[in-house]
Number of protein chains: 4
Amino acid sequence: MATAPTVAAAPSRGRPRSEHRSAAVLAATLAEIGDRGISGLTIEAVALRAGVSKVTVYRRWPDRIALVLAALESLPELAVPDTGDLVDDLRELRRHLLDVVDRSNLAEVLPALLAERRRSDHGPAIRRYVERRSQAYVEVVERARARGELVTGLPTELVVLMLSSPLALSVMNRDAPLTDEEWTTVVRVVLDGLARGDGRSRP
Amino acid sequence: MATAPTVAAAPSRGRPRSEHRSAAVLAATLAEIGDRGISGLTIEAVALRAGVSKVTVYRRWPDRIALVLAALESLPELAVPDTGDLVDDLRELRRHLLDVVDRSNLAEVLPALLAERRRSDHGPAIRRYVERRSQAYVEVVERARARGELVTGLPTELVVLMLSSPLALSVMNRDAPLTDEEWTTVVRVVLDGLARGDGRSRP
Amino acid sequence: MATAPTVAAAPSRGRPRSEHRSAAVLAATLAEIGDRGISGLTIEAVALRAGVSKVTVYRRWPDRIALVLAALESLPELAVPDTGDLVDDLRELRRHLLDVVDRSNLAEVLPALLAERRRSDHGPAIRRYVERRSQAYVEVVERARARGELVTGLPTELVVLMLSSPLALSVMNRDAPLTDEEWTTVVRVVLDGLARGDGRSRP
Amino acid sequence: MATAPTVAAAPSRGRPRSEHRSAAVLAATLAEIGDRGISGLTIEAVALRAGVSKVTVYRRWPDRIALVLAALESLPELAVPDTGDLVDDLRELRRHLLDVVDRSNLAEVLPALLAERRRSDHGPAIRRYVERRSQAYVEVVERARARGELVTGLPTELVVLMLSSPLALSVMNRDAPLTDEEWTTVVRVVLDGLARGDGRSRP
DNA sequence: GTCTAACCGAGACGGTACGTCCTGTCTTAGT
DNA sequence: ACTAAGACAGGACGTACCGTCTCGGTTAGAC
């Protein structure tokens, strides 16, 4: 989704940018990330691999980060799951995440982006990218609340954080992400805790 | 703490390395990380700032990552808290983490290290560094179990993950880490969930 | 003179080239040569300055050198002087040369063209351009011979070389070209030498 | 001659520049000028040919012109001839010039340098280089005057210009430089003219 | 009055070189 | 054996022009 490099565009002056090349560059970017990792990513190598000149890359994306974000956004987006059951919805989100991790080295790219967020001009763009991903969690949780499946006074943001951060961190920090069994356990503990009374039950 | 750059040392022949310079380099490294961030960190700038030649840096630490790890390890380590109460212990760990975040750009450095972990030869070293930090959590949780304060069949690793990942992720991903109140809520929900029956209580 | 860019033209089909634009490009070329010199001359800058697209320039002149030659040829040409006196004729040629030097940076352009002559495909064209300039000398000298004002067995080419090269070289090599007085002296010495017997008078 | 790239140097701090490499670069420069000409001269190609990194070239010579000048100055200098006869001395200078022309594409390089003289910061350096070459003429002429072989009231500079410019211009402008016979004729005409009375003999 | 070929601007494009920067290694002289 | 200074090969950076190419849109002569 969202491959469009620049915003909108004037009503087409001069030779139009080749979509074919844009796609080739994004594909090459993903491939390079796979081969050399984020820190080993070179515009030069991307251009070479895409069979494109450096300028053609720079024309579209001003720098490495913008390029990486565009490449990630070129991956197919998951439709927000709606199985009617919160845990099943969450499991679907987990499955999709692990999919993307496999396909795009997200386990390396994600922390790299988070690191960049503090410095670069792309802070907002990175924030938006991450946000968009967690948006699915927000919707799934709100739907569960609407169904009465989840009853809690906590802000959705906190609930999402509790449900998603163990998996996210395990992806970035552990040698392997949480297994299905581990993950199920974690989610159930959190949901049980919420059911018990929003953490306000203790003295 | 732990300034010792290399493993041990031969029985010392010739002029010994100046400890003063080692310290200057590590300080300069932290300062540079503060100014330019991890990705903008160059050995050259560090050497210049420390008033030291590049070779003097390379002799001690083989590359950027090793240098960064050494710099982080030069920060004062927290003694594992032991207040007799799990939540108080955890709160102390939180306080210390936020301290380090303030003092060393950890919010940027940590994800950068995690990203590097997948590729570089320093994977193990980085893993060890992160492990060492979470070790405090492990000890605190195990003590709580021994005291009977925490009763659960879950492996300590999972418990620690649930208790620490929301804060860790909020540090890396949010504009500001969890407030004390938010954090307290999260911890209590998790502990309630564990008390309720390890996530196995549901059908 | 000679603004006609290409040879002749097919019997004209389609929209004709705008003469207005051709002139604008040549003017812009002279201006750019004045501002940045021959070596700093870029087609892009010329096109920009002329308010014309690059293609419009390339359509008319295949490359930099052709463009420069065309620009020089667009300058007004001197009618070959014919005062009835050789020295006066030569003085008129000198005046005209210094004029062009002032108006077109010839002091820089001329050596640049000579340098290019050895390599580029435009060798012949450059040769022709320079030849055309010296043609005036040839005519003036031959007229003097016809009048009996100049009696010598030397080939006209050599006579012209002796009469013109000191001024030409002074234009290219000295900070200022020969003054009128210096120039007069030089010319008279050469003419005296010729009158003395063509350099064959010595043992 | 004078291969020394920079002025003098502090009392040697750090690793000294490799003379071997300096020489290799200058040789490569001359070779490249021979192959591709002045306008086709590329620092990158020179570095490649010399088996040296680009920075090594830039460290010594700030730009193309400085490099070319250094390369030319690395060629063996002629000892000023002193045969006791002016024409023989001049003939020796001619021989040497044609030698250098053959060995270093001077026919192309010289006009290129003259063109550059007007613009670049190297104006003075180029002027100095050319001056140094013509210095031999000055000495030869002054010696002839001292011997009484040449009697004239003209400033030496003008005499030198008359004696040298036909050959110089023929090198730059003609397809072949003046033959020995042509050259001899030219020189004798000039000397005869000077003997006749410094160009002041005419009304 | 349409055709329609050549013009024109804008700007994309592959390519080459630019001059700079940093890396990690090396070579000096000096401590 | 350490140190500071700095040379060095290598490799990527981001930029500038080159000369070519596609676009959409004129413009004038031929039909």
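Quick note on labels: first sequence line is chain A, next is B, and so on, each numbered from 1. Since the structure is predicted, the reported quantities are computational estimates derived from the model, not experimental observations.
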**Prompt:** Want to settle it: does A/P16 or B/L41 sit nearer the 5' end of DNA chain E, counting the closest nucleotide to each?
**Reply:**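 Mapping each residue to its closest nucleotide by heavy atoms, the 5'-most match is A/P16.
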
Donor-acceptor pairs are to be reported for all side-chain atoms of residues 39-47 of chain A against protein atoms at under 3.5 Å, with residues two or more places apart or in another chain.
from	atom 1	to	atom 2	distance (Å)
A/E44	OE2	A/K54	NZ	3.0

Once you round it to whole Å, what is the distance between [atom2] of [N] and [atom1] of [X]?
X     : N      : atom1 : atom2 : result
D/H20 : E/dT27 : NE2   : P     : 14 Å
C/R60 : E/dA6  : CZ    : P     : 15 Å
C/I65 : F/dC18 : CD1   : C1'   : 14 Å
A/W61 : E/dA12 : CH2   : C1'   : 14 Å
A/E32 : F/dA12 : CD    : P     : 10 Å

Exercise. Do C/R17 and C/R60 have side chains that get closer than 4.5 Å, going by heavy atoms?
Worked result: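 Yes - at least one pair of side-chain heavy atoms lies under 4.5 Å apart.
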
*Taking the side chain as C-beta and beyond, is there a heavy-atom pair between B/L114 and A/L114 under 4.5 Å?*
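Side-chain contact under 4.5 Å: no.
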
Are the charged groups of B/D35 and A/R119 less than 4.0 angstrom apart, N to O?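 Not counted as a salt bridge, because no side-chain N and carboxylate O are separated by less than 4.0 Å.
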
[N] phosphate, OP1 or OP2, under 4.0 Å from [X] side-chain N/O:
X     : N      : answer
A/R59 : E/dG11 : no
D/R21 : F/dA9  : yes
C/R17 : F/dT26 : no

State, to 0.1 Å, how close [X] and [Y] come at their nearest heavy-atom pair, and which atoms those are.
X      : Y      : answer
A/S104 : A/V109 : O-CG2, 3.7 Å
A/V52  : A/R21  : CG2-CG, 3.7 Å
C/L26  : C/S74  : CD1-CB, 4.0 Å

Per atom distances to the A/R13 side chain, the nearest of F/dT3, E/dG11, F/dA9 is E/dG11

So for D/R15 and E/dC26, does any side-chain atom that can act as donor or acceptor lie under 3.5 Å from a complementary atom in the base? yes

(Q) Below 4.0 angstrom, which residues in residues 43-56 of chain B have at least one non-hydrogen atom near DNA chain E? (A)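 By residue number: B/I43, B/E44, B/K54, B/V55.
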
